[in-house]
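Below you'll find the structure, written out as structure tokens, and then a few comments.
Chain letters run A, B, ... following the sequence lines, proteins first and then strands; every chain starts at 1. This one's a predicted model, so the numbers in the text were calculated from it and none came from an experiment.
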Amino acid sequence: MMITGIHARATLHFFNSLTRRKDPFQPLDGQQARLYTCGPTVYNFAHIGNFRAYIFEDVLRRTLRYAGYGVLQVMNLTDIDDKTIRGSRQAGVPLKAFTRPFIDAFFADLRTLNIEPAELYPAATDHVPEMIALIQRLLANGLAYLSDDRSVYFKVSAFPSYGKLAHLDLSGLRAGARVAQDEYEKESVGDFALWKAWDENDGDVAWDSPWGRGRPGWHIECSAMGMKYLGESFDLHTGGVDNLFPHHENELAQSEGATGKPFVQVWMHCAHLRVNGEKMSKSLGNFFTLRDLLARGYAGRELRYVLINGHYRQALNFTFDAVEAARTSLARIDEFVSRLTETAAGAPPDAALPAWAAEIHRQFDASVFDDLNTPEALAALFALVREGNSAMQGGALTASGAAAVLDLIAGFDRVLGLISFGRRDARALPQEVTQLLEGRQAARQAKNWAESDRLRDELKRMGWEVRDGKEGQKVKKL
RNA sequence: GGCGUGAUGGCCGAGCGGUCAGGCAGAGGUCUGCAAAACCUCGUACAGCGGUUCAACUCCGCUUCACGCCUCCA
């Protein structure tokens, strides 16, 4: 790929939830971005709103690589939590057996959406010792305490900067209904569980610890696994906005409380996907899983297009009209790539792009490097489609020029991930199609338009679209 | 109540103090036997009211409406 490498040391800007500003970004070690992305809780199929976050993270890691950085990404699998435990008990199977199918489905869904795999997918169940060790550090630092029921809580009042990520002042926190049941175990309402003593709802999901049988709290999982694989300080931590508080706030407090070092350089959060103006969520029940949408005949890349057609920090309203529009838009891009490929005819790419393409290249890079502005990047892509088609139509694009533009578009797609997957391979035409085309060719030479149209209709019924151009008939599988 | 986000043309969706977002849909045109594709042209869009400014969709204030977080949630 020609463009690889020329972006080395590109200046990236990301909006940091911690500073609430767009800040310039550099990996701490100058080379490799270490990225922690909160993964799925594997008690059910993920929905398209969840995938908005995973696609945002995918665009992030692709952009980092496009910019010339290495990426080490960790995405955890949350398999210890109230819902996975409840599910496994209801199903009457061990926890690992209960979560396995949802983990498999999750990975299948990632492939459907052309989401690049992370380097590591650690599961909470495999990291309980690390979590216990971290809790011990917090106890030693006076930031945690053991309650009467042998649970361990984080002591928020002992960590003065608590609330700095979510920008919340918890001094006025009032006890809500949910909090009340634990209240007399905790010293303060804002305190949260690091270790939960076993209770009957946990069944046989329990681990031994210095404090007795029990299980880790949700937040400690990400701190422990993040630090294990990415170090005590790393570059980027992402998730949906609803993770900002309490989850990420707690993670930050636990991690910095244990190490005394800054935990994460940049926190990034993507906005919600809405349906009918409301957040799409499992608790509201207004969600579509990827499977639901595939069953309706939509393709992974069409959904991916819809999800990157809006900026990640802006709420996005999911509509079927938008998916239909995505389908048409993608067809136009595919058509362009085909024409370009034909024009290039295997020629080696020119060293320099045509001037118009070079300008679009600049625009594309500026867009994605500025806080992942994918809508603008798509606009640049369409500018390329328009200018390129125009140039080819006017015979102004040489084979080598077309090859160079093809390389450029392939470069764009390293970030967007829309073009190079989900397209049907060109296959040899079936015998009967070839015959009909030959018959049609003869009819056309005889200017027998009625017969020509009839054969075109027949081919269409068989699922082949024919177009007539200067070079003769072109056929495409519908 | 606290913190925060948003209101852009039929739909989706960027953006900036002063020449264009972009896509889809629609209208007209070029090309074509026709069709398709492609290209060209076409929309008095920036919630309302004030203010700042030579100039505001873009900055400030207020109003209205919508959405999110405030210990399940991507």
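Here A38(B) is the nucleotide among G68(B), A38(B), C34(B) with the atom lying nearest to any side-chain atom of Arg339(A). Listed nucleotides C3(B), C39(B), C67(B) differ in distance to Asn389(A); the shortest reach to its side chain belongs to C39(B). Picking from G68(B), U71(B), G33(B) the nucleotide with the shortest atom distance to the side chain of Lys279(A) gives G68(B). With A14(B), A37(B), G23(B) as the choices, the nucleotide that has an atom nearest any side-chain atom of Glu335(A) turns out to be A37(B). Residue Pro375(A) has its side chain nearest to A14(B) when only A14(B), C69(B), C34(B) are considered. Distances from the side chain of Glu465(A) to the nucleotides C40(B), G68(B), A36(B) place A36(B) closest. Listed nucleotides C69(B), C24(B), C11(B) differ in distance to Asp321(A); the shortest reach to its side chain belongs to C11(B). Taking every side-chain heavy atom of Ser452(A) into account, G33(B) is the closest of G33(B), C69(B), A38(B). Nearest to the side chain of Arg456(A), among A38(B), A35(B), C70(B), sits A35(B). Of the candidate nucleotides A25(B), G13(B), A14(B), A14(B) has the atom lying nearest to any side-chain atom of Asn373(A).
Within the structure, every side-chain polar atom (N or O) of Arg313(A) is placed at least 4.0 Å from both OP1 and OP2 of G4(B). In terms of phosphate contacts, Lys186(A) brings no side-chain nitrogen or oxygen within less than 4.0 Å of OP1 or OP2 of U71(B). Between Asn309(A) and G13(B), a side-chain N or O to OP1/OP2 separation shorter than 4.0 Å is absent. Of the side-chain N and O atoms in Arg444(A), none sit less than 4.0 angstrom from OP1 or OP2 of C34(B). Between Arg20(A) and G4(B) there is a side-chain N or O to OP1 or OP2 distance below 4.0 Å.
When both pairing distances are held under 3.5 Å, C20(B) makes no Watson-Crick or G-U pair with any nucleotide shown. Pairing for C69(B) is with G2(B), a Watson-Crick or G-U wobble pair whose two hydrogen-bonding atom distances lie under 3.5 Å. Under the Watson-Crick or G-U wobble criterion, with both distances below 3.5 Å, C57(B) is left unpaired in every strand shown. In this entry C39(B) has G29(B) as its Watson-Crick or G-U wobble partner, both defining distances falling under 3.5 Å. Remark: A7(B) base-pairs with U64(B); criterion is Watson-Crick or G-U wobble with both hydrogen-bond distances under 3.5 Å.
The CG atom of Asn448(A) sits 15 Å away from the P atom of G33(B) (whole-angstrom rounding). The CD-C1' distance, from Gln473(A) to C34(B), rounds to 14 Å in whole Å. Rounded to an integer number of Å, the gap from CZ of Phe15(A) to C1' of U5(B) is 10 Å.
Judged purely by atom type and a 3.5 angstrom limit, Thr374(A) has no side-chain atom pairing as donor or acceptor with the backbone of Ala377(A).
Under the stacking criterion of a centre-to-centre distance below 5.5 angstrom and an interplanar angle below 30°, Phe382(A) is not stacked against the six-membered ring of G22(B).
Between Phe288(A) and Tyr298(A), a ring centre-to-centre spacing not shorter than 6.0 Å is recorded. The aromatic ring centres of Phe263(A) and Phe234(A) sit less than 6.0 Å apart.
Side chains of Tyr54(A) and Asp109(A): a donor-acceptor N/O pair is absent below 3.5 angstrom, by distance only. With no hydrogens or angles considered, no side-chain donor-acceptor pair links Asp82(A) and Tyr43(A) at under 3.5 Å.
Here Arg339(A) does not pair with Glu342(A) in a salt bridge; the nearest charged N to carboxylate O distance is not below 4.0 Å. With respect to the salt-bridge test (charged N to carboxylate O, under 4.0 angstrom), the residues Lys196(A) and Asp202(A) do not qualify.
Taking the C1' atoms as reference points, G17(B) lies 9 Å from U53(B), given to the whole Å. Here, A47(B) and U8(B) have their C1' atoms 10 Å apart, quoted to the whole Å. Across the P atoms, G28(B) and A14(B) are found 31 Å apart, a figure rounded to whole Å. For G43(B) and G22(B), the P atoms lie 13 Å apart once the distance is rounded to whole Å.
If Arg386(A) and Asp242(A) are placed on RNA chain B by their nearest nucleotide, the residue sitting closer to the 5' end is Arg386(A). Residues Ile48(A) and Ala326(A) both approach RNA chain B. Their nearest nucleotides, taken by heavy-atom distance, put Ala326(A) toward the 5′ side.
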